[in-house]
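Just the heavy atoms: all of them, side chains too, but no hydrogens, waters or symmetry mates, feed the values below. Keep in mind that what you see is a predicted model, and the values were worked out from it rather than measured.
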Amino acid sequence: MGSSQQKARGIRIAIDRGGTFTDCVGNFNGEDVVIKLLSEDPANYSDAPLEGIRRIMSHFLKREIPRGEALDTAQIDSIRMGTTVATNALLERKGEKIAMVVTKGFGDCLVIGNQSRPKIFDLAIRKPEVLYSTVVEIDERVTLEDYAEDPARTATKSDVQAGTAEAKTTDLVMGLSGEAVRILERPRRDDIKTKLQMVYDGGIRSIAVCLMHAYTFPDHEALIGEVAREIGFEHISLSHELMPMIKLVSRATSVCADAYLTPAIKKYISGFQQGFAGGLGTQGVKQGQGDRGARCEFMQSDGGLVDVDKFTGLKAILSGPAGGVVGYAITSYDENTRIPVIGFDMGGTSTDVSRYGEGRYDHTFETTTAGVTIQSPQLDINTVAAGGGSRLFFKNGLFVVGPESAGAHPGPACYRKGGPATVTDANLYLGRLLPEFFPKIFGKNEDEGLDPEASKKVLQKLADQIHRETGKEMSIDEVAYGFLTVANEAMTRPIRSITEAKGHDSSKHRLATFGGAGGQHAVAIAESLGITQTLIHRYSSVLSAYGMALADVVDERQEPESKVWATQGSVMDELKSRMEVLKEKSRQALRDQGFEDSEIVFEEYLNMRYRGTESALMIIKPSKEDAAAVDGNDWDFGTAFVKHHRYEFGFTLDDRDIIVDDIRVRGIGKSFRYDEKTVDEQLKTVNRHDVAAEKKHSEAKVYFEGGRLDTPIYKLGDLDVGMVVKGPAMLADGTQTIVVTPKCTALVLETHVVIDIQKDGEKDKSLTASGEREVNPIMLSIFGHRFMAIAEQMGRALQKTSVSTNVKERLDFSCAIFDATGGLVANAPHLPVHLGSMSTCVRRQAEIWKGKLSKGDVIISNHPSYGGTHLPDITLLMPAFNEAGDKILFYAASRAHHADIGGITAGSMPPHSRELFQEGAAIKSEKLVSQGKFDEKRVTELLYKEPAQYPGCSGTRCLADNINDLRAQVSANQKGISLIENLIDEYGEETVQFYMVAIQNNAELQVRNLLKAVSKRFEGKELSAVDFMDDGSPIWLKISIDAEKGEAVFDFAGTGPEVYGNINAPEAVSYSAIIYTLRCMISEDIPLNQGCLKPITVKIPPKSLLSPSDNAAVVGGNVLTSQRVTDVIFKAFEACAASQGDCNNLTFGFGGNVTGEAEVKGFGYYETIAGGSGAGPTWEGTDGVHTHMTNTRITDSEVFERRYPVLLREFSIRKGSGGKGQHRGGDGVVRDIEFRIPVQVSILSERRVHRPYGMRGGEDAECGLNLWVRKVKKASWESSLRKLHGEGGEEAEEEEEERYINLGAKNSAPMKAGDRIIICTPGGGGWGKVGDDKVRREDRDPMEGWKKGSFAAREEAALQV
């Protein structure tokens, strides 16, 4: 385990307490001992870690210590532990009862969150429950004086600093981040005391405090903390102490998680400490207690250890998995060769993936675990996919693995508890798991091994089902192997995304695999990723515990900042001095834990971003070598940021300022040195020789691609260093089984088994052989994953290389691949309104350009008559040719919402447009790229010059962003094409084309089955419904279903005529609505493609508002009418009550280049606002969430005020706005914004007249309401009379009064400083009669327990299709 720089004394113990097993590694005088025991075994012991320590001490002290005897800490040097106590408390919601204290107006901030729904196709929307039991709103308010989008770049200064005595009486102070803070209302001490005393009297002892802008102005939070301590609260979490970073929602969730979990951890630790005679931790060592104190440290989520007394809930969530990352990072990475490593930790229920490269850990600052988004430095560990216990299904003609898991009870079928078919069963049946090496802990008396017969039985059932449903005869071997192949594909897809999203190439890594099930899948995963070498450590099954033993003690410090980076002048000196202060604090904390200055090193970071973007990057101080390569300045963070930005995002913004958001120091106390040779050093010197025949332990018939092979089995312990084992082979010991496939070789080193993987030439022909070509369900499932993965990776590329907030942050884009006819093959939508609507556009463009395109061409279009939705959504389309270059095989396309493309208002979403030209640039069909050359001149004409030629219109107000985003779209399309070309290289053109068609046929079949089932439910009756737009335009729908064929006609006859306004919806929008509603009602993961629409005939009356003329205004059709069409379809199917049926589009700003006027520099802002969702037969509606055709996020309240000249007065749930019923509809929200400078404000909304309908006796929801709060002069007859007589003169001040003015659904108003807009959004309708018994179905999301990792939020939308 390495040597210590401190004096060696006593036993060193490292423990990882996992969900199922607790792993312990003990070291004494150079000898290691490994113990694995069950985490829960109440019949034998009360606490697994204590039991592990007892066994280790008994072993080393050569005497059996009886259970229950206090363990003598004099014999122990140190205990290091990782624990799942916090994660389990979070999962089971068994933490402390807490209250959240927040600024008035924001009590619902965590209920609303970022307003998006976790799964876009779930009608029963489930958002994670909040952790607090009650909320206290405090009358206090501060805001930032300046705003980032200010074209004049004003920077206000004040001499008074936050946190000083003067700040208590001054209204303008400098915050900790260097930004000027205006104090609008100070909290009253007596008011705080009264409110908190009520909470205390209610039995709550732990509180979480998070106030607006407390990251930079902590004074008010500090006061609340002071009062809470006086009252006697036992645990007080203050957001500015935990994580002083901007973003109210993330900070509030984090502070709640800390208050919720820390008491549970403290309780656990105090119980743990009682098992020892002597003190634990720094205090124990310090207080002398003779030699009796033992160091005791816990692993934090950031991969550093912390003293037992400082371990808190917020830092504990990834405690266990973090040890594994440290373990493989230290044992598998070589500082000289610098080959990066992907960590693959496959357990029972899920698989954790991480990466270690460049000699340091990848940290992330926002992750989601058990539905709770935490803001705190954590290792970037992503839970990506199936584990050994993941269940196997054959659904809708496809092989499906997970996400449901068999858990520990009943566990897989082979555990002898009657469990279902799982990945473990498939491995066991194929001979890839060896029962003789598996602990005998199963059966009635817990003394039997795994049961291969049970596995055979459940797999036979699946084979029978496949035969019944497809007529295809498959052996159990083929079925089991098929499921493993699909499981590996499902795991590979996110791993590829995670590495490539950061700009890394997965094939240039090594794969370090650990965890119980890793060895069985390592080779297959590596092959899929193009990785040629896999490393398996000798302690791989207990690597998390081993990692704890090797880890360093860490002290993290961070402070907010707001300076513009500059290499010259005072900026760098100020940052340096702040960094030194943080380092000194950190040094002192580590000295307190017994470290000498010589053992302390620092990592110094600045969190930096370009002005106007939200994608901050944490930049480490350049190393001496990196600095020498530039100009020798090791404080040149700016150059390092630009380099890193280009690497991760593919571009730089040289004309923009670089902003420093945070200063961070990571103090590291080096405790143990790892002194084993690295893998690369061993590979250089190892003496290789083939394994001797007598080393073979036994032989078995193991299934590999194509059939069963005689496979030798070796015991790992019998193999000597340097032995080479050629595949096929199995290497095993009591804790792991390693599968070495044919064409691979395993080499045994001192520390690892290294498997070298030979590159495969081409795929096995049994899967791709042609002939009469029948669909192989395994291949169909794999291609389903592959096609979706391509669309997702295109989306990743687009999000990464785009510049605008709309694409990068709000994810308002969609990428897809199409067959040669323009039929949709796979689509990764973040917004349902983009679903399927691109197909119309691709088909149209394919016809126009037939025979005129060549390799490298890109077509641009956004016109509604050519398959567009509304003008800001610009589509780019690129053909892919065969090798000869004479035939188009398929198309890649991307559509993104551009923040501005000209027109009569900033943001190009005018509420009162009447003609198409008023909405901005309209492009029917143009070539944007010719044979790889981007035509920037033509783009400038199309977007900037042409729109400005119309009366009252401007060209685009952000041309540079448009061009950057268009380039990002081009690169996304190129990515899609190169990925499909790879697929063709792998499987052959004919096979890929064949499965492009097969996957569409599969979706078609599922829609036919749905229509047959619906017809049965309604006894063959025709379905019909009508609903109205606010202007009275009706949308009629009649659905006739042919039950025999499973076909339907959607007939919109009777729908109102085209409107002289902007709620006309291009035909493509109705197709999107139909695909979306069908997918929601099938409620299974089916491929979303052209096949969904094959059984459907859509009849749209010409000249209606759903089929507008060429020049009709359509901006509202995409965001408003699309929601109403969705409502009408669901109403006809009686699927659920209406949701808010609206996007509440709000835009404000100033500036532009209107014809005949001077250009004015300004800004534009656009947001859509949540409402209530409709209730259904088995669910209640959800409050404050985006529904149906949209799912964009809302800008965080603090970021909103930092970027724009606004004051957000309130953002809360609009209580009682949902319809009553057996199941209640969700409530809308109230958003109250005050403007601090004059701006033009526009609102484009619906459901301000016609209420969202209830269903089956449920009540309708409340309509929305848009109010303008403005000051108007108070008129009275006396003042009018005085004026008439010329009395009173100028000095007679006219009184003003506040008026609430209804803006109606669609309006634009010039608002002055101090004016407000209050948007009250509609609720969702109720279901069933009030008073009827509820029929709620509480389905737990099988993925809820996953440590989702940093990509969670972004991944959610893409991974559910």
- Query: Does H834 have its ring centroid less than 6.0 Å away from the ring centroid of F813?
  - Reply: no
Can a side-chain donor-acceptor contact be found between [Y] and [X] if the only test is distance below 3.5 angstrom?
X     : Y     : value
S925  : S861  : no
D819  : T821  : yes
D900  : S908  : yes
W1036 : S1024 : no
S1242 : N1307 : no

Answer yes when [X] and [Y] have at least one side-chain N-carboxylate O distance shorter than 4.0 Å, and no when they do not.
X     : Y     : answer
K1012 : D1042 : no
E847  : K850  : no
R914  : E919  : no
K1306 : D1030 : no

- Partners passing side-chain hydrogen bond (donor to acceptor under 3.5 Å, both in side chains) against N1062 (at least two apart in sequence or in another chain):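 Result, side-chain hydrogen bond (donor to acceptor under 3.5 Å, both in side chains) vs N1062: S913.
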For residues 1004-1011, run the donor-acceptor check on the side chains, cut-off 3.5 Å, and write out each pair with its distance to 0.1 Å, sequence neighbours left out.
{"residue": "E1004", "atom": "OE2", "partner": "R1008", "partner atom": "NE", "Å": "3.1"}
{"residue": "E1004", "atom": "OE2", "partner": "R1008", "partner atom": "NH2", "Å": "2.8"}
{"residue": "Q1006", "atom": "OE1", "partner": "N396", "partner atom": "ND2", "Å": "3.1"}
{"residue": "Q1006", "atom": "NE2", "partner": "N396", "partner atom": "O", "Å": "3.3"}
{"residue": "Q1006", "atom": "NE2", "partner": "N1002", "partner atom": "OD1", "Å": "2.8"}
{"residue": "R1008", "atom": "NH1", "partner": "K1045", "partner atom": "O", "Å": "3.1"}
{"residue": "R1008", "atom": "NH1", "partner": "E1047", "partner atom": "OE2", "Å": "3.1"}

- Task: Answer yes or no: are there more than 12 heavy-atom neighbours, outside W1268 itself, under 6.0 Å from its atom CH2?
- Result: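 Correct, the count exceeds 12.
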- Task: Determine whether more than 12 heavy atoms belonging to other residues, nucleotides or ligands lie under 6.0 Å from atom NZ of K1220.
- Result: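 No, NZ of K1220 has 12 or fewer neighbouring heavy atoms, counting only those of other groups under 6.0 Å.
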- Query: Among D812, L876, T869, whose side chain to side chain contact (heavy atoms under 4.5 Å, CB included) with R895 holds?
  - Reply: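 So the option named by the test is T869.
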- Query: Which residue pairs pass the ring-ring contact (aromatic ring centres under 6.0 Å, His included) test when at least one of the two sits in residues 896-918, sequence neighbours left out?
  - Reply: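 Pairs touching residues 896-918 that pass the test: H870-H897, H897-Y1166, F917-Y950.
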- Check for a donor-acceptor pair, side chain of E1259 on one end and backbone N or O of G1326 on the other, with a separation under 3.5 Å. no
- Message: Main chain of G903, side chain of S954: is a donor-acceptor contact present, judged purely on distance under 3.5 Å?
- Response: no
- Report yes if some heavy atom in the side chain of T1190 is under 4.5 Å from a heavy atom in the side chain of V1119; otherwise report no.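 Contact flag for T1190/V1119 side chains = no.
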- Task: Answer whether the closest heavy-atom distance between the side chains of I860 and L877 falls below 4.5 Å.
- Result: no
- Message: Under the criterion side chain to side chain contact (heavy atoms under 4.5 Å, CB included), I'd like the reasoning laid out for R1247 against Q1140: C-alpha separation, chi angles, the key distance, then a yes or no.
- Response: CA-CA 7 Å; R1247 291 284 193 210; Q1140 70 156 337; over 6 Å; no
- Query: Taking all non-hydrogen atoms of both residues, which atom of N1144 and which atom of I1169 are closest, and how far apart?
  - Reply: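 In this case the closest contact between N1144 and I1169 is ND2-O, 2.9 Å.
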- Message: Tell me which pairs pass salt bridge (Lys or Arg N to Asp or Glu O under 4.0 Å) where either residue lies in residues 1049-1066, with sequence neighbours left out.
- Response: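 Passing the test, one end in residues 1049-1066: no pairs.
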- Can you pull the salt bridge (Lys or Arg N to Asp or Glu O under 4.0 Å) pairs that have at least one residue in residues 1094-1120, sequence neighbours excluded? K924-D1110
- Item | Reference residue D1142; test side chain to side chain donor-acceptor pair (under 3.5 Å); the match among Q1123, R1248, H1188, R1124 |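 So, applying the side chain to side chain donor-acceptor pair (under 3.5 Å) to D1142 and each of Q1123, R1248, H1188, R1124, only R1248 qualifies.
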- With sequence neighbours excluded, residues passing side chain to side chain contact (heavy atoms under 4.5 Å, CB included) with V1098: F1052, Y1071, I1074, I1096, I1100
